[in-house]
Enquirer: 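After the structure tokens below, expect a handful of questions from me.
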Amino acid sequence: MKQRLFLLTWLTVFSVTLLKSQPVKDSISFIMKGTDADTIKIKKMLGLYHHYKMNDPQQALIAAESAGKIASEKKLDLFMAKAYGFMGTANYNMDRYPVALEHYLHALQLYEKLELKREEGVILNNMGNLFLDQELPDQALPYYQRALAIDKDLKLDADIAIDLLNISSAYSVTPKLDSAYFLCSQALQKAEELKDTAIYTQCLGNLGIIEFQQKKYDIALKHILEAEDLYKKHGLEANIGVLFLSLGDIYLQKKDVAKATRYYSRALENGKEMESIDDERYAYLGLSKCAELKGNFPQAFDYIKKYNVLNDSIFNFKSSRKQTSLLLNYEMEKRDVIVKAAQEKKEAIHAAELHRQRSQKNIFIAGFIIVFVLSFIMLRLYRDKNKSNKKLSETLANLEHTQSQLIHQEKMASLGMLTAGIAHEIQNPLNFVTNFSDSSLEIIKELHETKDENEKQELMNELTMNIEKISNHGKRADNIIKSMLRHSHGTQEAKRPTAINRVCDEFLMLAYHSIRASHPEFNCAIEKKFQEDMPKVNLMAQEITRVLLNLFTNAFHALKERKEKEPGFSAVITVSTILNNQFAEIRVMDNGPGIPAQIRDKIFQPFFTTKQSGEGTGLGLSISYDIIKAHGGELTVNSKEGEFTEFCISLPI
């Protein structure tokens with residue numbers, strides 16, 4: 001048997017007045033011959049399911065199927081949903097995962113139809129357990145997270161604690177151990193507040209195991225021993241072999257061979273009792289290490305032989321598990337295709353209905369106009385409309401011309417700032433080119449003068465190296481110029497995968513060089529907090545760089561303004577990137593004067609500016625806001641007057 005996760009199972013206990021020693025088919029036959037109402041018969045059959053579910057899942061399955069058959073014939077959706085959920089659990093307990101998944105999906109569909117949110121959450125949790133049991137944490141997490149969202153809406157604290165524990169269990173078999181630890185700690189705190197000993201003990205044990213994985217051996221030992229005491233004290237039913245194995249590993253790490261041997265032995269006994277091959281084989285491996293440390297090599301060899309035998313068994317089991325996992329994925333993909341087809345059909349019908357209604361409405365409006373509007377009035381309206389349109393066209397043309405001039409002015413200002421920064425950036429490679437060129441001329445002169453072949457060869461090698469460096473720095477300068485040209489290009493570009501850390505770093509330094517070019521006395525501490533594993537984001541790079549350059553430049557100007565007013569002030573700008581769910585966030589924070597609360601809501605409005613006349617158009621933040629919106633993202637601001645200002649760009653991945 002496999003080791004089970006901590007499951008939240010929704011059970012309704014029914015009284016069954018039958019002789020419980022009877023076979024389930026005889027009991028069902030007895031129920032069917034009775035005169036009870038159909039709902040009473042179904043409840044009694046579900047009661048039989050609860051009687052058999054732990055010790056004989058096959059008999060429990062027969063009881064649930066019989067209840068489901070009556071519920072289906074009588075079209076009792078609630079009882080059909082319960083029966084499907086119980087059939088799923090019975091098949092799950094018999095390792096029939098694809099069949100269990102199919103039954104859970106039927107139950108979920110019915111609970112969604114009945115709008116029974118709590119029962120829907122329980123089924124989602126069971127589906128998550130099913131996938132996690134097959135070592136598919138990525139497939140399990142969406143179901144656990146949906147269950148957590150439901151339980152939070154319903155404010156079911158006990159269910160929330162179990163949801164957090166399940167999500168933590170999924171993360172604990174991935175590299176995200178910090179997330180697993182954080183969620184398990186939350187579940188532990190919730191269970192402690194509820195004074196739920198069972199959930200608290202499970203959370204405490206899981207927390208210790210995660211800490212052991214994080215190599216926090218002392219605190220892990222404390223938590224696991226406390227969990228072991230609670231299991232004993234309250235007589236809680238659980239497969240605690242994994243706790244014994246962890247304790248054995250910790251004591252082995254501490255070189256306490258006696259205690260390690262004792263816990264590995266207890267893990268072995270528990271593994272045999274629970275029929276857990278994994279627990280048995282790891283216990284044998286630990287015992288072998290202990291025997292080897294004690295110098296009992298024959299015993300160590302005997303344990304390692306038993307470990308190898310079980311390893312062969314687990315290999316066959318994992319091969320079977322892999323096939324089951326593939327089948328589960330196929331079942332989910334097949335269902336997704338069916339659901340998508342049904343949704344598309346529904347949308348097509350809805351669109352056709354809207355088109356029909358729109359056509360009827362248009363016909364009615366046209367008839368109304370034809371009947372009630374006189375031709376003379378139409379003529380007058382037409383003349384007046386022409387005059388108005390002419391005036392509006394002239395006004396619109398003037399507005400468009402003014403707007404294009406302002407946008408061009410903003411672009412040129414942005415390009416000017418970029419050019420100032422690039423001038424500083426390009427100076428270094430040009431200096432290298434000049435220096436290596438002069439050095440090469442001297443080497444050529446020496447080549448003409450020397451007659452020693454070895455010296456000639458050394459000079460030739462040095463000349464070749466100089467030419468390579470000239471080429472490299474020339475290419476570097478060329479790339480910087482091309483970057484400037486791309487930024488100044490006015491045509492619409494296509495989105496392409498872009499490394500936002502690189503873009504932020506490049507244009508942050510360009511903006512800093514730009515303000516330093518016009519204000520050499522200005523200095524600022526720059527902090528970069530870039531998440532290292534940031535994925536590339538599909539962006540129009542030219543547009544995003546305009547936004548970044550605008551935010552960086554505004555931040556530096558704000559810092560310069562405060563520094564001029566406060567001589568001892570230390571200017572700091574912090575640029576950070578972070579992956580937040582399905583969004584990449586870029587945060588630009590400065591410790592400048594901040595934005596007053598009364599104008600904070602106006603800063604994204606066109607033509608609004610706090611700069612002096614002639615220093616800004618008031619379009620920078622407005623255009624930036626529109627660019628981010630065009631990317632499907634958000635541009636927000638948070639500020640406290642006299643302390644800081646932080647802009648946050650959120651872009652979908």
Enquirer: Do the side-chain N and O atoms of Tyr625 and Glu634 include a donor-acceptor pair separated by under 3.5 angstrom?
Expert: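 Their side chains do not contain a donor-acceptor pair, so the 3.5 Å distance test is not met.
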
Enquirer: Between Asp249 and Tyr217, do the side chains contain an N or O donor and an N or O acceptor separated by less than 3.5 Å?
Expert: no

Enquirer: Applying side-chain hydrogen bond (donor to acceptor under 3.5 Å, both in side chains), name anything that partners Lys233, two or more places apart in sequence or on another chain.
Expert: none

Enquirer: Are Asn129 and Tyr143 linked by a side-chain donor-acceptor pair shorter than 3.5 Å?
Expert: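 Tyr143 and Asn129 do not have a side-chain donor-acceptor pair below 3.5 Å.
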
Enquirer: Run the salt-bridge test on Glu543 and Arg546 with the 4.0 Å N-O cut-off and return the result as yes or no.
Expert: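 Yes, charged N to carboxylate O under 4.0 Å.
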
Enquirer: Does anything in residues 208-220 form a salt bridge (charged side-chain N to carboxylate O under 4.0 Å, His left out)? List the pairs, not counting sequence neighbours.
Expert: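 Counting only pairs at least two positions apart or across chains, the salt bridge (charged side-chain N to carboxylate O under 4.0 Å, His left out) contacts touching residues 208-220 are Asp218-Lys254.
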
Enquirer: Under the side-chain contact (heavy atoms from CB on, under 4.5 Å) rule, collect the residues that match up with Pro175, sequence neighbours excluded.
Expert: none

Enquirer: Taking side-chain hydrogen bond (donor to acceptor under 3.5 Å, both in side chains) as the definition, give me every residue that meets it alongside Gln531, ordered by chain and number, with sequence neighbours left out.
Expert: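 Testing Gln531 for side-chain hydrogen bond (donor to acceptor under 3.5 Å, both in side chains), a comparison that skips the adjacent residues, returns Asp533.
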
Enquirer: With sequence neighbours excluded, tell me which residues meet side-chain hydrogen bond (donor to acceptor under 3.5 Å, both in side chains) with Asp178.
Expert: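 Gln214.
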
Enquirer: Go through it in stages, so that I can follow the logic: the residues are Tyr97 and Asn91, the test is side-chain hydrogen bond (donor to acceptor under 3.5 Å, both in side chains), and I'd like the CA-CA distance, side-chain angles, deciding distance and then a yes or no.
Expert: CA-CA 7 Å; Tyr97 295 103; Asn91 279 293; over 6 Å; no

Enquirer: Is there a donor in the side chain of Thr89 and an acceptor in the side chain of Tyr104, or the other way round, less than 3.5 Å apart?
Expert: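 Judged by distance alone, the side chains do pair up.
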
Enquirer: Below 3.5 Å, can you tabulate the donor-acceptor pairs from side chains in residues 645-653 to any protein atom, sequence neighbours excluded?
Expert:
{"unit_1": "Thr645", "atom_1": "OG1", "unit_2": "Ser639", "atom_2": "OG", "d": "3.0"}
{"unit_1": "Glu646", "atom_1": "OE1", "unit_2": "Arg587", "atom_2": "NH1", "d": "3.4"}

